[in-house]
Structures are given as structure tokens and as C-alpha cells.
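See structure below.
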Amino acid sequence: MSYHVMFPNYTVGVDSYTKIPEICRPYGKKIAIIGGKTALHKVQNEIKAALTGSGLEILDIIWYGGDSTPENVEMLKQNSSIQNADMLFGIGGGRAIDTCKMTAHDLEKPFFTFPTIASTCAACTGVAVQYYPNGEFRGLYLSNIPAKHIFISTKIIAEAPDLYLWAGIGDTLAKHYESTFSSRGDELEHFNALGINISSLSVDPLVKYGKKAMRDCIANTPSPELEQTVLSIIISTGLVSNLVDNDYNSSLAHAVYYGVTSLGKAAEKHLHGEIVSYGVLVLLTLDQQAKERDRIFNFNKSIGLPTKLADLDILKQTDLEALIQKASETNDLVHVPYKITQAMIREAILELEKYNKSIEAAAS
Ligand SMILES: [Zn+2]
């Protein structure tokens with residue numbers, strides 16, 4: 001049986017949009033742009049300027065509908081400009097880009113992505129996340145066809161709210177630890193081995209450059225450190241996601257995330273990547289990777305990501321038990337190198353609490 005692997009190409013830098021004509025022209029002339037309102041407002045003049053005199057033509061600029069839903073995809077597919085376009089541009093955060101992606105997949109059109117925040121690897125992957133109109137998670141739209149090219153403007157991302165970058169860093173940390181953990185002991189096909197081997201690029205650059213990148217994002221200033229961080233979030237992580245089996249794409253860190261979100265109100269103030277970065281510490285504690293746990297603990301502390309339950313407003317014993325219950329039931333713990341029991345999750349969380357206390361005691 002044959003299989004195919006598709007990689008997206010990318011351009012990164014403060015002036016990355018100037019490359020649109022040379023990269024997009026082979027795909028035709030007519031473009032329909034789909035994006036989020038804020039994102040479209042921020043980038044449309046720069047894109048129009050890049051297209052001036054290029055022979056490429058924008059048929060229409062269309063709001064994606066506000067969420068990544070099949071309903072919005074159907075609405076976009078009825079749009080005559082989208083139907084007549086040779087290629088689609090998806091502009092914005094993960095949900096806007098995913099909506100453009102599904103529309104492009106359904107209409108079998110090439111698409112290009114323009115992430116305006118660095119909070120997920122959505123710009124790089126073929127798969128899309130779908131929600132119900134009320135915002136609830138609905139499922140995945142599976143495809144391994146990624147964008148033809150990703151245009152990453154570090155200027156636009158530097159100007160975006162730093163909270164997105166912060167949460168993006170937290171989510172990205174999980175990719176290496178979850179993929180190496182869940183694939184441990186397996187005989188890996190070439191594509192899986194390739195993905196898992198590059199996954200360290202989802203951690204090391206963040207630990208090295210993440211703190212400076214956060215400062216630069218707060219100051220709205222593009223920098224080499226911000227660029228390294230953004231590439232880690234969007235490209236390294238996206239390539240791993242595209243390459244490896246779905247079983248390897250998430251594990252205990254995300255199981256903890258689902259556990260926390262099942263608590264409702266307390267969790268609502270916390271972002272996905274923020275919670276996942278805490279889950280990474282639980283994974284590293286449970287798996288007794290003490291050196292890595294300490295390294296990520298220190299890194300989380302350095303940029304204000306959570307290291308303990310109180311950081312996520314989990315203060316009651318009943319909440320902790322509900323979290324453990326929910327986490328242990330998720331699909332993320334099906335393909336793991338050894339059986340993970342509720343007692344093991346509880347023990348890891350409590351050991352991590354103890355570790356926090358010892359660090360706090362040493363500091364005071
Ligand atoms: Zn995630």
C-alpha cells in the first residue's frame with residue numbers, strides 16, 4: 001500500500017507578504033480572501049499593496065462567519081466569488097484558517113494561509129477542528145492536504161495581543177513530550193519517525209527564546225527570538241502534526257486539559273495552551289522525567305504559565321477528583337506505553353504540588 005505525505009512551504013519575516021505574487025501566480029489569477037474581521041482589517045492593505053501590478057486579482061474579501069462550523073463552510077461554498085476563485089487565502093487565527101481550509105478542501109481549490117496570531121499550528125496542517133454554532137467542540141475534519149504556502153508576517157504577529165503567543169507557547173510544549181511518550185516502544189514507519197524526531201524543535205527554541213519573544217510581542221517589536229518562537233509554534237509543531245499518526249498527536253497533557261475544562265466555570269478563564277502547559281508538567285512528573293520536568297517548570301514560571309493547581313483556580317478536592325476522572329477517560333490515554341491509572345495521575349499531580357511548595361520554600 002502506498003501512502004503520501006504533503007508538506008506546506010512557508011515564507012517568514014516582516015515583509016513576507018511581498019512574496020505572494022511569485023509564489024501564488026502558478027496557481028491562477030483570481031483570489032478569494034476568507035478571514036476574521038480583525039485580521040482582515042489588519043492585513044488587507046498590505047496584501048493589496050503586494051498584489052499591485054502582479055496580475056493577481058482579489059475577487060472578494062469575505063468574513064468567515066465567526067466560528068469554524070460546517071454551517072459557515074456551506075455558507076462560503078455558496079459564495080460566487082469563492083466558487084470562481086482559482087485559489088483561496090485564509091487569514092486570521094486557527095478558526096478562520098480552518099474554515100477556509102475546509103471550504104478549499106470541499107471545493108478542491110488550492111489555499112494559502114496567513115496566520116495573524118501564533119496560537120496554534122492550524123496554518124500548517126491539513127486537518128481542521130469543527131465546532132457547533134454554540135462554540136462547543138464537534139470533531140475533526142480529517143485531511144492531509146495542507147496549504148500550498150504559509151505567509152508568516154512577524155510584524156503582524158508582533159502587533160497581535162501577546163496572550164495568543166503565550167498560550168501558543170504552552171500548547172506547543174506538549175507536542176514533543178506527548179509524541180515521544182505515546183510512540184515509545186513502537187516500531188515507527190518512516191513518516192512517524194520523521195515527525196517524532198523533529199518534535200524537539202517544538203521545545204528547545206521555546207525554552208531558549210520564549211521569554212524574550214514574549215517581551216518583544218508585548219512591545220510589538222519583531223525580533224529574531226520572536227521569529228524562532230513563532231516558527232516553533234506554527235511550523236515545527238505543524239509538521240509533526242502532519243507527519244505522525246493521530247495516536248501520537250496528543251496524550252496526557254491534553255487529557256489533563258480535558259479534565260480541567262470539565263470543571264466548567266473555574267476553567268473558563270484559562271486558555272487551551274495555558275492549561276496544556278500544566279498538563280505537560282503532569283506528564284513529565286508521572287513519567288519520571290525529572291530533568292525535563294524541572295526544565296519546563298522553570299520555563300513556565302519564567303513566563304507566567306501555570307505550574308500548580310491553584311494557578312488554574314482548582315482549589316477543591318472534589319474538583320481535583322473530577323479532573324482525574326475525566327482525564328483518565330479521554331481517548332488521549334488509549335495509546336500509551338504503559339497503562340495510566342487514576343491513582344497514577346493523582347500521585348503525579350500531588351507530587352507536582354509538593355515540588356511547587358519546595359521551590360516556593362527555597363525562594364522565601
Ligand atoms: Zn492543544
Side-chain angles (χ1 to χ4, degrees), residues 67-68 92-98 101 113 115 117-131 135-142 146 163-183 195-196 198-203 205-206 210 229-263 267-284 296 299-300 303 305-306 311-312 323 326-327 329-336:
D67 212 342
S68 173
R95 293 187 189 217
I97 286 176
D98 277 2
K101 205 187 275 181
T113 56
I117 55 175
S119 63
T120 72
C121 59
C124 189
T125 59
V127 67
V129 183
Q130 292 178 322
Y131 297 88
E136 202 182 310
F137 175 75
R138 191 166 187 164
L140 295 178
Y141 180 114
L142 293 173
L163 203 61
Y164 295 123
L165 183 72
W166 182 68
I169 290 172
D171 198 22
T172 299
L173 288 171
K175 188 55 77 184
H176 173 61
Y177 297 115
E178 293 192 309
S179 65
T180 48
F181 179 68
S182 55
S183 65
I196 285 156
I198 61 173
S199 72
S200 60
L201 291 174
S202 300
V203 175
L206 298 181
T229 302
V230 166
L231 288 174
S232 187
I233 297 170
I234 298 174
I235 302 296
S236 307
T237 307
L239 291 180
V240 179
S241 300
N242 283 349
L243 279 165
V244 304
D245 281 339
N246 212 29
D247 276 346
Y248 300 151
N249 259 325
S250 98
S251 184
L252 183 58
H254 278 82
V256 168
Y257 163 78
Y258 292 114
V260 172
T261 52
S262 74
L263 305 178
E268 276 167 21
K269 325 187 244 189
H270 301 285
L271 298 168
H272 173 88
E274 178 187 1
I275 301 169
V276 169
S277 77
Y278 168 75
V280 170
L281 296 178
V282 177
L283 165 62
L284 294 173
I296 302 307
F299 174 67
N300 275 14
I303 63 165
L305 282 169
D311 294 339
L312 296 170
L323 183 174
K326 175 72 192 179
E329 290 166 356
T330 59
N331 282 335
D332 305 85
L333 296 186
V334 173
H335 193 97
V336 278

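Any value given below was found using the heavy atoms of this structure, including those in side chains, with hydrogens, waters and symmetry copies removed. Start at 1 and go down the list; that is how both ligands and their atoms are numbered.
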Note to self: Are the side chains of D247 and S182 in contact, using a 4.5 Å heavy-atom criterion?
What the structure shows: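 No. Closest side-chain heavy atoms not under 4.5 Å.
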Notebook entry, point to check: Tell me, do I233 and T120 make a side-chain contact under 4.5 Å, heavy atoms counted?
Noted result: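 No - every pair of side-chain heavy atoms lies 4.5 Å or more apart.
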Check: Counting only protein N/O/S, how many atoms fall short of 2.8 Å from the Zn ion (ligand 1)?
Finding: 4
Notebook entry, point to check: side chain to side chain donor-acceptor pair (under 3.5 Å) with N242: which residues, sequence neighbours excluded?
Noted result: none
Check: What residues form a side chain to side chain donor-acceptor pair (under 3.5 Å) with H254, not counting sequence neighbours?
Finding: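 H254 satisfies side chain to side chain donor-acceptor pair (under 3.5 Å) with D171, E178, H272 once adjacent residues are dropped.
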Item checked: Member of D311, I275, V260 meeting the side-chain contact (heavy atoms from CB on, under 4.5 Å) criterion with P306 ->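 Per the side-chain contact (heavy atoms from CB on, under 4.5 Å) rule, the option paired with P306 is D311, out of D311, I275, V260.
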Check: Residues in salt bridge (charged side-chain N to carboxylate O under 4.0 Å, His left out) with D67, at least two apart?
Finding: R95
